[in-house]
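The structure under discussion appears below in the form of structure tokens.
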Amino acid sequence: MLLGLLWLAGPAAVAQLRLIPAESAPQRYLAAVAARCHLPGLQLARTDSAGRTTLLQLGRLAADEPALVDEHSVFQVASLSKPVFAYLVLRLVDRGVLDLDAPLSRYGLPHRHPRNQQVAARITARMVLRHTSGLAHWAEFGGSKITRWNQGVLQLKYPPDSLWHYSGEAYAYLQQVVEHVTGRGLQQLAEAEVFGPLGMVDSSFGWDERFAGRLCSGHDSTGAPTLRRKFREPSAAFSLISTAADYSRFVQALARGTGLLPATHQLLLTASGPAVRCGRRGSAAEQHISWGLGVGLQQGRRGPALWHWGDNVDFQNFFLVFPDTGESLVLLSNGANGLRAARQLLPLLLDPNEHYWALDWLQEQ
């Protein structure tokens with residue numbers, strides 16, 4: 001019923017894009033979910049098998065301010081940054097700028113350290129994109145600070161290519177290599193390889209004054225405001241700000257392989273191995289989850305799906321797309337309970353009969 005209401009409500013806009021009026025039944029349901037999850041603001045973009053995209057949004061940029069979320073409000077998408085960077089890297093691979101399987105030490109390092117050289121000689125871009133580099137993740141660095149991610153010494157937690165281990169540090173390192181090889185910064189590369197070609201006019205890896213007045217504040221699990229971060233140092237791992245409409249354009253391009261050679265697109269869709277955390281035998285969810293190049297892969301009743309989540313603590317986000325049909329959902333939230341909302345919204349907005357193993361897998365973390 002809710003899916004039907006999505007197409008009965010709201011005027012058609014350009015490029016098969018539709019906005020849902022605030023008084024509609026879908027918006028009322030969305031407001032109830034947001035209230036239960038203490039989310040002051042939400043954006044969703046739902047694309048059906050005919051390529052029609054519906055936008056829903058509600059709430060405020062900050063709980064203690066009057067400004068309302070609209071389709072041009074920008075959110076921290078957190079680790080949804082990683083698939084965008086992975087797509088950028090694959091476009092460079094297609095042109096021969098990078099080799100997926102060459103040791104990253106071949107390309108040199110922007111800041112040199114003997115330990116970095118030794119580690120880099122064993123790690124490839126493919127390992128980074130599929131999270132088998134063996135490098136540690138941010139929380140494992142003890143006293144080090146995320147704000148200095150681009151000046152640290154590489155820390156191996158596991159032997160490279162020995163097992164799956166999620167690592168933001170690995171993406172930060174590959175970003176350094178890409179910038180070193182191309183002579184261009186991440187934002188400049190993203191504009192040329194992703195944002196420009198895909199028409200993502202409201203997206204940036206770093207702060208831009210054009211977003212003034214449109215940037216959401218983060219919120220904790222109770223819905224209380226935290227702060228508005230304006231990332232000055234673009235990070236491939238976590239600094240992208242975007243809208244659900246923009247990110248949906250990217251998700252659709254990813255599923256179709258737009259801008260990639262067919263063989264490269266197939267690599268992106270091919271499982272490199274199960275996403276089983278070290279020391280675990282593999283839960284029911286882990287048996288359905290693997291990793292491609294930059295994205296999670298879910299095997300379910302409807303076939304394969306690509307997905308990823310984002311969590312900057314006070315922003316939580318999620319996307320999932322079925323490449324075989326093109327159906328997708330992008331959810332952006334300015335609060336710490338966005339993944340709780342995703343669990344309630346995916347069955348209603350995509351398929352009530354599908355088991356969303358990706359959300360089970362995230363809950364097990």
Task: Shortest non-hydrogen separation from H219 to A63 and the atoms involved - done: NE2-N, 3.0 Å
Open item on the list: Under a 4.0 Å threshold between the charged nitrogen and the carboxylate oxygen, would D202 count as salt-bridged to R210?
Closed with: no
TODO: Look at the rings of H355 and W357 and say which category their plane angle falls in: under 30° parallel, 30 to 60° tilted, over 60° perpendicular.
DONE: parallel
TODO: Evaluate the criterion ring-ring contact (aromatic ring centres under 6.0 Å, His included) for residue pair H308 and Y247; output intermediate values, then yes/no.
DONE: CA-CA 12 Å; H308 211 286; Y247 204 89; 9.2 Å; no
Open item on the list: Is there a path of hydrophobic side-chain contacts, each under 4.5 Å between heavy atoms, that joins L215 and L39?
Closed with: no
Task: Remaining members of hydrophobic cluster (4.5 Å side-chain criterion), L68 - done: none
Open item on the list: Membership question, hydrophobic clusters at under 4.5 Å side-chain separation (ILVMFWY): are L332 and F211 in the same one?
Closed with: no
Open item on the list: With a 6.0 Å cut-off on the ring centroids, do Y356 and W309 count as close?
Closed with: no
Open item on the list: Ring centres under 6.0 Å, that's the criterion: do F205 and F85 meet it?
Closed with: no
Task: Ionic contact status for E71 with R214, cut-off 4.0 Å - done: no
- [ ] Decide side chain to side chain contact (heavy atoms under 4.5 Å, CB included) for L254 and Y87; before the verdict, give the C-alpha distance in whole Å, the side-chain angles of both, and the deciding distance to 0.1 Å.
- [x] CA-CA 8 Å; L254 198 67; Y87 174 83; 4.0 Å; yes
- [ ] Give the intermediate values and the outcome of side chain to side chain donor-acceptor pair (under 3.5 Å) for residues Y166 and S79.
- [x] CA-CA 11 Å; Y166 189 81; S79 285; 3.0 Å; yes
Task: Common cluster, L90/V128, ILVMFWY with side-chain heavy-atom separation under 4.5 Å - done: yes
Open item on the list: Tell me whether F322 shares a hydrophobic cluster with L331, the cluster being built from Ile, Leu, Val, Met, Phe, Trp, Tyr side chains joined at under 4.5 Å.
Closed with: yes
Task: With D64 via salt bridge (Lys or Arg N to Asp or Glu O under 4.0 Å) - residues at least two apart - done: none
Open item on the list: Under a 4.0 Å threshold between the charged nitrogen and the carboxylate oxygen, would E327 count as salt-bridged to R52?
Closed with: no
Open item on the list: Are the side chains of Q187 and L240 in contact, using a 4.5 Å heavy-atom criterion?
Closed with: no
TODO: List in chain and number order the residues that pass side chain to side chain donor-acceptor pair (under 3.5 Å) with T182, two or more places apart in sequence or in another chain; answer none if no residue qualifies.
DONE: none
Open item on the list: Does any part of the side chain of L297, heavy atoms only, come nearer than 4.5 Å to the side chain of L306, both counted from C-beta?
Closed with: yes
Open item on the list: So T124 and L100, do their side chains get closer than 4.5 Å, heavy atoms only?
Closed with: no
- [ ] Without swapping roles, check the side chain of E354 against the backbone of R302 for a donor-acceptor pair under 3.5 Å.
- [x] yes
Open item on the list: Assess whether a salt bridge exists between D360 and R343, defined as any Lys/Arg side-chain N lying under 4.0 Å from an Asp/Glu carboxylate O.
Closed with: yes
Open item on the list: Using 30° and 60° as the class boundaries, would you call the ring planes of W361 and W291 parallel, tilted or perpendicular?
Closed with: tilted
- [ ] Report yes if the side chains of L129 and V89 come closer than 4.5 Å at any heavy-atom pair, otherwise no.
- [x] yes
